[in-house]
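Read through the structure below, which is laid out as structure tokens, and then see the notes.
Quick note on labels: first sequence line is chain A, next is B, and so on, each numbered from 1. Just the heavy atoms: all of them, side chains too, but no hydrogens, waters or symmetry mates, feed the values below.
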Amino acid sequence: MMEQLWLIPALPLAGFVVNGVLGRRVSKAVVHTVAIGTVALSFLWVLKTLSALMPLETAHVERYGTWIASGSLEFALEFAVDRLTAVMLLVVTGVGLVIHIYSVGYMAHEGGYYRFFAFLNLFMFFMLTLVLANNFLLLFVGWEGVGLCSYLLIGFYFLRRSATTAGNKAFIVNRIGDFGFSLAMFLMVVTFGSLDFAKVFPAVEKMPVEAAAGVVTAICLLLFVGATGKSAQIPLYVWLPDAMEGPTPVSALIHAATMVTAGVYMIARSWPLFTHAPLAMDVVATIGLLTALVAATIGMTQFDIKKVFAYSTVSQLGYMILGVGVGAFGAGIFHLVTHAFFKALLFLGSGSVIHALSGEQDLRKMGGLRKHTPITFVTLVCAGVAIAGVPPFSGFFSKDEILLAAHHHHPWMYWIGALTAGITAFYVFRAIFLCFFGEYRGEGRPHESPPSMTIPLIVLAALSLGGGFLPVPHFLDPVFPAMEGQHESALVFVSVALGLAGIGVAAWFYVLRPGLADRVAASLGGLYRLVYNKYFVDEIYWAAVVRPVVGGSRTLLWRVMDAGVIDGIVNGIGGRARDAGRLVRLLQSGNIRSYATWVLLGSVFAIIGMGLAGGLR
Amino acid sequence: MDTFLFLIFAAIAVGCGVIVVSQRHPIHSAISLIGVMGSLAVLYLLLGAEFIAATQVLVYAGAVMVLFLFVIMLLNAGVEPPGGKSWPVRLLGIPLLVVLLGVVSFLIRGWIPVKETVVFGSFTGGGPRDVGGALFTEYLLPFEIVSVLILVAILGAVVLGGKEID
Amino acid sequence: MPADFIPSTQDLLRLLPEAVLVAAGTIGLVLEPLLRDSRKRVTGVFSLAGLIVALWAVVVSRAYPGTAFRNMIVVDGFATFFRTLVIAVGILTVILSLHYIQRERPESGEFYPLLVFSVAGQCLMAVGNELIVIFIGLEISSIASYILAGYLRDDPRSNESGLKYFLLGSFATAFFLYGVAWIYGATGTTNLREIGDIIAKPEIRPPLVIVGTSAALMLVGLAFKVAAAPFQIWAADVYQGAPAPVTAFLAAGPKAAAFAVMVRILMVAFDPIGAAWEPLLWIVALATMTIGNFAALVQDNIKRLLAYSSIAHAGYVLVAVTAHSDAGSAAVMFYLAAYAFMNVGAFAVVTHVARAGERRLSLSDFAGLARREPAVAGLFTIFLLSLIGIPLTGGFFGKFYIFKAALESRLYLLTILGLLNSAVAAYYYLRVLVAMYFHEPAAGTVEAMPVTPGVSFVLWFSAGATLLLGIFPTLVLQFADQGASLALVR
Amino acid sequence: MAGVPLAWYLILSAILFALGIAGFLFRRNLITMFMSIELMLNAVNLSFVAFSYKFGRVDGQIFTFFVMVVAAAEAAVGLAIILAVFRTRKTLAVDEIDSLKY
């Protein structure tokens, strides 16, 4: 039985092709009709397919042929749907559709309209490929593809220098992650002789525990390196906050709801590997928890509304990673779903605010907007209570599942997680209060956004409030290994109380006693500055990685260099990091006789090396 | 007698070789190179390679070196100016050469036993008939394709040195 | 013994592609003086036809596998693969040059016969089973390349490029020859298969020190031709100075042929002493990747940037050679095919953007290209993404197979360092992408120029091939797999 | 029977090869450098002929023959390239020819 799964990614791809080729020549209306139409059709096709496939107890696999066959290695061109994929498909196409519609209003006055929608459609194509893939290679294709689109869309405002730098940063940091992912793939090929889920996972199950320990742990850790890049975990999270340079719908779709969750999805998908590598699981959980805490504290001090939510995303991704790390895969994915709703809403809402203020993003220049933009205000508050974990809204359910699983794993993980939940509630409501309460502190006349923007907000608000009642964890039960442990109401109370306390403190600081916050910040002095400057992580990377390379090469160069090269340095241009490459220029003096000397040097080394190696045998 | 001849012509070859390398005027180098080639031709004879010895004199010393001399005259190349600009040569040149020569000689000494000697006249398979026979049977293919090489060389000389563009 | 003079028909069929190429070159040469200056392009079209016929001849001779001319050459899957590859590179270069040569040095039609002869030499390298044939093939290819690099003889850059290539190339060739002399002295033969057989037998084999030294000397010569560190130094200068289509050719054709020779020599003749050359190649591969990538970081001249990038790519291929396995050889073949297309494509873009006299070569000349010429920029993006190694491009699968082969041969550290290298490499390709898409064109930029049909064909064809190799790699991979097992054709 | 050790021929060949390299490295005149390469090739030829004697076969000499042809071809092309360089730069000093670098 074929359900033509390939249509799901193919439709947005068609949209990309049409808009990419013809977009410049047709009107904006045609462009967004094509873009939204293809995504909507894709969404409908998902619904149709899933309703036909229900109850989907086992995976439904469709094979379109052999993709690559070389020797013993064979990769099939296969898409597969199981319940995990079903959830992801619904989130990606559903939230994607909402954000596409929202973009019509948001991008109305921007240049490069067709380009924007074409890239957005291309992104959908790769994301859906990633989710539908039935082997790691195809997953990696989607993985790299979404990264590429993300890069293109971050750099969309290419006239802004910071936008290009942010795009570059995202690209390079993700390359480090991809390095881990590709190495993991090679290890899998060598160990299991395949990259197909259907072959790798059973092979792991059959492996004796002692034999599996080393290599599977290595594979899992390397996969996790990939996930830290894509899902913005310590130490590779630095790109995500900068990625906010892109248009807001991009932040919502890619950097909150879909692409960044790919790492979580990938780990959940590879659970048979991870459950065989307890050490790797511990690393995953610890990194996730740490990321959640650190990013949340940074979120408390930021004044750029999008930066606040960006750090919030990093922090919430940390939660998800914590979830999958402690073995609560279902809970991790559940949080992924609810987060997709409320975080997309937070971003779209902030986009609406920014739109209302004609581009202003600084919280200190907002205030009192609830009178001017009532719909945005109400929907943002919905998102706020959802993320803060106030029952019975969506965030409460998913977050508590993760926290309970964490408690089951290690009690201290629960306590840090719960504390983070309190901080989360605080910074989200700090942003909301600064934005909508008090006096208006900016210039210009704020105005409510058009319906094409507010309707998506309302849809997402409804989902954020009610999303907790979706039976996602139950639905996913057949996919993942069972979790033991019982519901402990006391722990639930603690985390809810901490969340409410966070909201309360925010209200006290920013609504009831304005000005108090600044005094607290001042009294904390150094600590506040440390957090405000994001723990100086960018600076540390600069000092620990970039500077030594530069400094080292400088010193060396001054000592031993040709006059010509010195001139080259003195007149040298370009970034300081590139100085490392200048060392190589030392060899390339342009002089034939020098070149011949290097050839001779190489020959002598080769002769001695080979002679020794030959003689030693 | 063999040893005597070898030593004489080996000495001439090395001596001329040193002159090739040490002279700063290209003409002197070129003439010394002809000396090296001539003495090598004698050594080839000692090794029983009559045909190669003849070609060495005719083709190498005769044709190729004349071409060199011609170009040197044409360009009126004079004494090269003192001082070079290449620090790697100054730093590494001599040591690397010494190491290379040392290693290679050491290897040869360990490889070929001293009792394996060359006696003039003991191998006579290098006459024109033998070489020609091998060339047209065993080595027919290389012989044919080397003509392509020569064609390319002629073409190159025409392309790069041919008629002036004005 | 007159029968010895006359090769059999099968022998001739096995040599058919080379014969066709030489004939095409010679006829082109005769044709050239008959044409008026404005019609010199006819030689190009004629050579193109000759190359296409040669491609057909490759298919014909593929039906007659085996050795010919007394074991001088061997037609096997490996040879067929590389013959096809170098002829394809030749075809693309001719098409790319049609307009370029007319523009830069209109009076000469010798360019194309030279190119065809060079391709013939590379084909000989691919089929050579005997060091003497390999050596002559290498020299035909190299001497023709020296001339092509210095072809614009009134341009100081071009003739400096030719001079450097020539002097250093001959210098390295002398080392290669010295190695050949030694291996002949050690084994009494210059046939690769016989050398391998002798070395494999402990009772009759010469001292391994001597074999190792000969192998080292020959490797020096070959490493020079493929631009492996520390013999890579010539490459950047020569690639920068040579006419752009010639650079495209040099970085793809002769390099592929030299790799073919290297793999054949190492896998057939020096297979038994793998333990001696593997560590050496390990270091060379790492040094080549690293030097290529780091030097490329600081380049502002696009040709030089691509030159260093081509060095780095040779380093990746060397990783596969180091793997010393059939999978490694297959990876070498696949990667070189993928690399040939993306490289020729990238240089086709350079040819187009540089304009007359190759004046516009700086990175800033690419600023805003995406808006001036979206199609060219889009195709260039495909090539750059492939060079980075993004999935769905040939470059990705090339790297994938190389590092897979390396891991299978337990080269863990080299794989990790290689992958790190390719992560670094992304940065400088990214600079080009950023310039094209995100930078404003410099003041006084000239208007967009129409893409000539030749360049346009090469661009679209290479892009298509790059994507095809990335989406359906099996097409080429099967050939590579079949050709890789050199041991079968004993 | 008095004879010259074969190793002497090979060592002479090595010395000449090294002298050729030395010439290439230390001479600063294009033509002399090129002549040094010819010297290196001659050294290789001597090795070939000596080995040919060692095996009592002609194939080493055949190799020498081909090397000579190649050397002649290289000479023609090399001198043409040097001529072309001289025409644009008016110099034969190799150290002056370094405009392509870094």
>> Donor-acceptor check, side chain of D:S52 to backbone of D:F48, threshold 3.5 angstrom: yes or no?
In response: no

> Between B:N76 and B:M73, is there a donor-acceptor pair closer than 3.5 Å when you use the side chain of the first and the backbone of the second?
Replying inline: no

Tell me, for [X] versus chain D, whether the close heavy atoms (under 4.5 Å) come from the side chain, the backbone, both or neither.
| X | answer |
| --- | --- |
| B:F123 | both |
| B:V14 | both |
| B:L7 | side chain |
| B:Y60 | side chain |
| B:F120 | neither |
| B:L100 | side chain |
| B:L101 | side chain |
| B:L97 | side chain |
| B:V36 | side chain |
| B:I154 | neither |
| B:A63 | neither |

Are any of the side-chain heavy atoms of [X] and [Y] separated by less than 4.5 Å?
| X | Y | result |
| --- | --- | --- |
| D:M35 | B:F68 | yes |
| B:L33 | D:L39 | yes |
| D:N45 | B:Y44 | yes |
| B:L74 | D:L83 | yes |

> Taking every heavy-atom pair that is under 4.5 Å apart, which of D:V77, D:L10, D:I62 has the most such pairs with chain B?
Replying inline: D:I62

> Taking D:N29, D:T32, D:I21 one by one, which has the highest count of heavy-atom pairs under 4.5 Å against chain B?
Replying inline: D:N29

Of the listed residues ([options]), which shares the most heavy-atom pairs with chain D below a 4.5 Å separation?
| options | result |
| --- | --- |
| B:G156, B:P26, B:A13 | B:P26 |
| B:I52, B:V64, B:V89 | B:I52 |
| B:V146, B:I94, B:L155 | B:V146 |
| B:M65, B:E138, B:M37, B:R90 | B:M37 |
| B:L75, B:V59, B:I150, B:V131 | B:L75 |
| B:L160, B:L47, B:I112 | B:L47 |

Can you say whether [X] sits under 4.5 Å from chain B via the side chain, the backbone, both, or neither, judging by heavy atoms?
| X | value |
| --- | --- |
| D:F65 | both |
| D:F24 | neither |
| D:L25 | both |
| D:F55 | neither |
| D:E74 | neither |

Find the distance between [atom1] ([X]) and [atom2] ([Y]) and round it off to the nearest 0.5 Å.
| X | Y | atom1 | atom2 | result |
| --- | --- | --- | --- | --- |
| D:L30 | D:I81 | CG | CD1 | 10.5 Å |
| B:I145 | B:L151 | CD1 | CG | 13.5 Å |
| D:L41 | D:L16 | CG | CG | 12.0 Å |
| B:I34 | B:S39 | CD1 | OG | 11.5 Å |
| B:F6 | B:T117 | CZ | OG1 | 12.5 Å |
| D:M33 | B:S29 | CE | OG | 12.5 Å |

Extract all donor-acceptor atom pairs below 3.5 Å that involve side chains of residues 15-23 of chain B and protein atoms in other chains or at least two apart in sequence.
unit_1, atom_1, unit_2, atom_2, d
B:S22, OG, B:V18, O, 2.8
B:Q23, OE1, B:H28, ND1, 3.0

> Between D:W8 and B:F9, is the ring centre distance below 6.0 Å?
Replying inline: no

>> Restricting to side-chain hydrogen bond (donor to acceptor under 3.5 Å, both in side chains), what partner residues turn up for B:Q56, sequence neighbours left out?
In response: D:N42

> How would you list, by chain and number, every residue that makes a side-chain hydrogen bond (donor to acceptor under 3.5 Å, both in side chains) with D:Y53, sequence neighbours excluded?
Replying inline: B:S122

> More than 12 non-hydrogen atoms from neighbouring residues, nucleotides or ligands closer than 6.0 Å to NZ on D:K90, yes or no?
Replying inline: yes

> Taking only heavy atoms into account, what residues of residues 91-98 of chain D are found under 4.5 Å from chain B?
Replying inline: D:L92, D:D95, D:D98

> For the residue pair D:A14 and B:V104, what are the closest heavy atoms and their distance?
Replying inline: CB-CG1, 3.7 Å

